[in-house]
2 protein chains.
Amino acid sequence: MKSTIPDTGVPIIPPAGNGGDRQEASLHGEILLRLRDYVVEGNIPDGARVPERQLCEMLGISRTPLREALKVLAAEGLIELLPNRGARVRQLSQRDLEELFDVMAGLESLAGRLACEAITDAEIAAIEQLHYEMYGHYLHRDMHGYFQTNQRIHESIVAAARNETLKTAYANFAGRIRRVRYSANFARKRQRWAEAMREHEAILDALRRRATSELSDILFQHLRNKRTAAIEHLTEPQEDSLASP
Amino acid sequence: MKSTIPDTGVPIIPPAGNGGDRQEASLHGEILLRLRDYVVEGNIPDGARVPERQLCEMLGISRTPLREALKVLAAEGLIELLPNRGARVRQLSQRDLEELFDVMAGLESLAGRLACEAITDAEIAAIEQLHYEMYGHYLHRDMHGYFQTNQRIHESIVAAARNETLKTAYANFAGRIRRVRYSANFARKRQRWAEAMREHEAILDALRRRATSELSDILFQHLRNKRTAAIEHLTEPQEDSLASP
DNA sequence: GCCGGCCATTTTGCATTCATTTTTTGTCAC
DNA sequence: GTGACAAAAAATGAATGCAAAATGGCCGGC
């Protein structure tokens, strides 16, 4: 068996986490959600060939809805479809990653701008709360907690922008990056960590003052720095610190 | 015949303009390109029901590749797929349009930032060239020429950002807006026109100086103003001026 | 005359089938 | 043993078929 997917029998891919209380009537939609999660979570190696037949067995469906879902995932940029040669998980080059991070930076920068126009004091207070929580994780060197809270902060800013279109685009690009994170076992460097905390202070400060342009700049730069850290991590993956007291 | 699509016989949708020298081996890819253009160009009224069978006849194919293309267009946000009730051209509310313009503003703002880092003097010179050309159209009250050159300028800035991911996303959102433009027969107000020219002067100036943050702000604001003009135009469509000496 | 339920037709969703293309395997010559 | 060629196997791309759902028309009732 040459297949790159673990071959432990038949249905492997779980019936959609449904963590966000989402529901999808049609089969292809359900399949789409499941497959997307499955790919984003890094269950298929980069560039691995994924025979349709096998996926069909795993999901317990016929090829028609599966192929529809694959086309959509390809449009989203998660996989690529080679003519007559099937679907492959899209292998992101370093350049691709840089581009992705920059686009994310642009979207967050935009989110910051829009948030300044629309955010309520209560929302700012909630973000402050998250900020302190994150600071706690930082002090305790709890990388995982830090990471999650960090993500919630950024999502809160995007939510405060009151723009569903932006939110959707953001989620799409975030998914592509998350896949790399999952599979490459990302972690920030210690040095970068403290810097990131300082940047978050500045973000919060600008947000409080509704300093539109300033926040936009800070958010962009913050993501830019993340990008640099990520690329460095990929280039020399030995020098990371996932958890340490 | 209740159909909303002009019923002049069988294949109606042309075999892909192929203006950009694009080629697509697979049928569903070909169909995707054709259908996307067809929808973007406003050939199907907002919210119109589009029976698959009819589209199949028009395109001379079976339902399978068509449905695959529809799924992708839905993912791109051009149409929406109601479960068991077929595909409809997505009707954009005023709010949707505002959101789209804001996202476009964010992407152009980002493009400006990145362009400042990467643009060559030659590219700036080319944009200056376009700028003067556009100014000529402005002086001659040539709305169409103005509009096209304007678009080329913005595309040049995006191109100068050297980010394919951004370019793709930009093209996607631009398509959604263009559809509205095509069908609503957009036009700027005279007053706004002069303002836009001044903004373009500022854009060019900031670009020459590679003033990253400044350009980012100006581009965002420029698009924001476009947004306002567009919304006003939609709200009271009688007060426009498409061409006048 | 208008409204609501029932049935025929249409349309969608998915499975299955058919036709190519690709990939693998097996064989033969060197 | 290695390489190339050819046939077999498998995979993809597209078309067709079938069941379920929705649409539209019709009739009866109020």
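- By the side-chain hydrogen bond (donor to acceptor under 3.5 Å, both in side chains) test, A:Thr64 pairs with no residue at all, sequence neighbours left out.
- For A:Ser62 and C:dA15, the shortest distance from a side-chain N or O to OP1 or OP2 is below 4.0 Å.
- The CD1 atom of A:Ile31 sits 9 Å away from the P atom of C:dA15 (whole-angstrom rounding).
- A salt bridge links B:Glu98 to B:Arg95: one of the charged nitrogens lies within less than 4.0 Å of a carboxylate oxygen.
- In this structure, CZ of A:Arg88 is placed 13 Å from P of C:dT22, rounded to the nearest angstrom.
- A:Glu76 is linked by a side-chain hydrogen bond (donor to acceptor under 3.5 Å, both in side chains) to A:Arg36, counting only residues two or more places apart in sequence or in another chain.
- Applying the salt bridge (charged side-chain N to carboxylate O under 4.0 Å, His left out) test to B:Glu117 and every residue at least two apart in sequence or in another chain returns A:Arg224.
- In terms of the side-chain contact (heavy atoms from CB on, under 4.5 Å) criterion, residue partners of B:Arg179 (sequence neighbours excluded) are, by chain and number, B:Val39, B:Asp46, B:Leu78, B:Val89, B:Ser183.
- One atom, CD of A:Glu68, and another, P of D:dG13, lie 14 Å apart when rounded to the nearest Å.
- By the salt bridge (charged side-chain N to carboxylate O under 4.0 Å, His left out) test, A:Glu108 pairs with no residue at all, sequence neighbours left out.
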**Asked** If the sugar-phosphate is the primed atoms plus P, OP1 and OP2 and the base is the rest, what is the B/S/- string for nucleotides 7-13 of chain C, using protein heavy atoms under 4.0 Å?
**Response** ----SBB

